[in-house]
Engineer: 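Dropping a structure here in structure tokens format, bear with me for questions.
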Amino acid sequence: MSNRDFLPERKERTCRRAGALFLIAATYWAIGMVLSFATPGMRVTCELPAPCQAKLDPVVLLSENEQAFVARDPAARARVDAWAMRTDVRLGLGGIAVLEDGPIVVLMFAVGMALRRLGTKGEQALAQAVPWLKHAARAGIVWAILRVFTHGLRSLLLAPGTGNPQFPIALNEVPLPLLLGIAAYVIAWALEGGIKAKRDLATFV
């Protein structure tokens with residue numbers, strides 16, 4: 001470890017590897033988000049020793065109450081399957097997936113970049129990582145807020161198939177991710193302020 005490095009060499013390597021893991025996860029999540037335009041409700045089931053199988057099941061996009069409603073009515077299930085395969089509906093579901101998953105992709109990418117920056121040589125590693133941490137925190141806050149509406153938008157879009165229009169609002173899923181996002185942003189903001197104060201002090205010494 002150089003006297004001017006922010007972290008010991010072993011921890012730098014750990015940060016770089018962890019950052020690469022987050023970047024890979026962000027890439028896979030982004031691919032899944034894009035595929036949602038063509039494959040609404042795709043799910044993969046693995047029952048060992050049999051190979052994993054991919055299946056399109058638009059019903060899983062509905063709320064729990066709507067899934068129970070459709071499960072009791074085979075005709076309703078057939079309508080949902082047919083409706084979800086329409087081109088305009090698939091595009092709408094893909095757009096909702098972008099609203100729901102886009103912030104997660106940004107969050108994971110930003111965390112990956114922050115970790116990669118922490119794993120670089122030099123005393124400026126933390127200063128280079130903090131802006132990425134702020135981006136990740138902002139993405140987490142946006143994701144928490146959008147979750148209030150995405151479930152309802154998806155149910156509303158599939159309502160002609162279910163014949164049971166609803167707009168569920170998932171308020172119970174918001175507080176924890178929102179608080180975590182705000183906390184992460186405040187920590188990054190405080191670190192940024194400390195780094196700036198240290199730089200300003202160094203100019204007077």
Side-chain angles (χ1 to χ4, degrees), residues 1-39 42-44 46 52 94-151 153-154 170-205:
M1 174 181 177
S2 168
N3 290 334
R4 301 184 67 82
D5 287 345
F6 177 67
L7 291 174
E9 185 175 352
R10 188 177 67 176
K11 292 186 177 181
E12 288 177 351
R13 286 198 303 269
T14 301
C15 286
R16 289 195 297 269
R17 290 168 182 170
L21 182 63
F22 272 91
L23 293 176
I24 292 170
T27 301
Y28 276 101
W29 206 291
I31 292 172
M33 182 177 66
V34 173
L35 289 177
S36 65
F37 282 92
T39 56
M42 185 179 72
R43 62 178 180 176
V44 178
C46 298
C52 295
I96 295 171
V98 170
L99 287 177
E100 190 170 53
D101 296 338
I104 300 177
V105 174
V106 174
L107 187 154
M108 289 191 294
F109 178 81
V111 170
M113 291 301 297
L115 288 168
R116 297 288 292 180
R117 291 294 182 267
L118 283 174
T120 57
K121 298 289 185 180
E123 59 183 2
Q124 296 301 317
L126 180 60
Q128 295 172 359
V130 167
W132 287 106
L133 289 176
K134 291 179 71 175
H135 292 323
R138 290 191 191 102
I141 293 171
V142 171
W143 175 64
I145 295 172
L146 288 178
R147 292 186 74 191
V148 176
F149 308 104
T150 51
H151 294 305
L153 288 173
R154 190 178 290 112
L171 288 176
N172 60 319
E173 298 181 7
V174 174
L176 181 58
L178 182 61
L179 288 174
L180 290 175
I182 292 173
Y185 186 85
V186 171
I187 291 171
W189 172 77
L191 286 172
E192 188 177 54
I195 293 169
K196 184 177 183 300
K198 184 179 178 180
R199 286 176 178 171
D200 292 341
L201 182 61
T203 61
F204 290 105
V205 176

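Numbers here simply count residues along the sequence, with the first being 1.
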Engineer: Grab the two heavy atoms, one from L118 and one from A129, that are nearest each other, plus how far apart they are.
Structural biologist: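 Smallest heavy-atom distance, with atoms named: CG-CB, 3.7 Å.
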Engineer: From L115 CG over to E12 CD, what is the distance, rounded to the nearest 0.5 angstrom?
Structural biologist: 13.0 Å
Engineer: Restricting to side chain to side chain contact (heavy atoms under 4.5 Å, CB included), what partner residues turn up for V34, sequence neighbours left out?
Structural biologist: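 Expected list: none.
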Engineer: Among residues two or more places apart or on two chains, list those pairs meeting salt bridge (charged side-chain N to carboxylate O under 4.0 Å, His left out) that have a residue in residues 100-115.
Structural biologist: E100-R154
Engineer: List the atom of G140, the atom of L107, and the distance in Å for their closest heavy-atom pair.
Structural biologist: CA-CD1, 3.6 Å
Engineer: Sorted by first residue and then second, give each salt bridge (charged side-chain N to carboxylate O under 4.0 Å, His left out) pair with at least one member in residues 127-148; sequence neighbours left out.
Structural biologist: K134-E192, R147-E173
Engineer: Which residue, V106, I104, V111, forms the side chain to side chain contact (heavy atoms under 4.5 Å, CB included) with M108?
Structural biologist: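 Testing each of V106, I104, V111 against M108, the sole residue satisfying side chain to side chain contact (heavy atoms under 4.5 Å, CB included) is I104.
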Engineer: Can you list every pair that meets ring pair (Phe, Tyr, Trp, His ring centres under 6.0 Å) and has a residue in residues 94-129, with sequence neighbours left out?
Structural biologist: F109-W132
Engineer: Could you report the tightest heavy-atom contact between V130 and I195, atom names first, then the distance?
Structural biologist: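 That closest heavy-atom pairing would be CG2-CD1, 4.0 Å.
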Engineer: Among L176, L178, I182, whose side chain to side chain contact (heavy atoms under 4.5 Å, CB included) with L180 holds?
Structural biologist: L176
Engineer: Between A114 and L133, which heavy-atom pair has the shortest distance, and what is it?
Structural biologist: CB-CD2, 3.8 Å
Engineer: Dump the intermediate steps for side chain to side chain contact (heavy atoms under 4.5 Å, CB included) on M113 and L23, then the final yes or no.
Structural biologist: CA-CA 8 Å; M113 291 301 297; L23 293 176; 4.2 Å; yes
Engineer: Applying ring pair (Phe, Tyr, Trp, His ring centres under 6.0 Å), can you list everything that pairs with Y185, at least two apart in sequence or on another chain?
Structural biologist: none
Engineer: If you take all heavy atoms of A137 and G181, which pair is closest and at what distance?
Structural biologist: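 Scanning both residues, the minimum pair turns out to be CB-O, 3.6 Å.
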Engineer: Looking at every heavy atom in both T120 and Q128, which two are closest together, and how far apart are they?
Structural biologist: OG1-OE1, 3.7 Å
Engineer: With salt bridge (charged side-chain N to carboxylate O under 4.0 Å, His left out) as the rule and sequence neighbours excluded, what pairs involving residues 107-119 come up?
Structural biologist: none
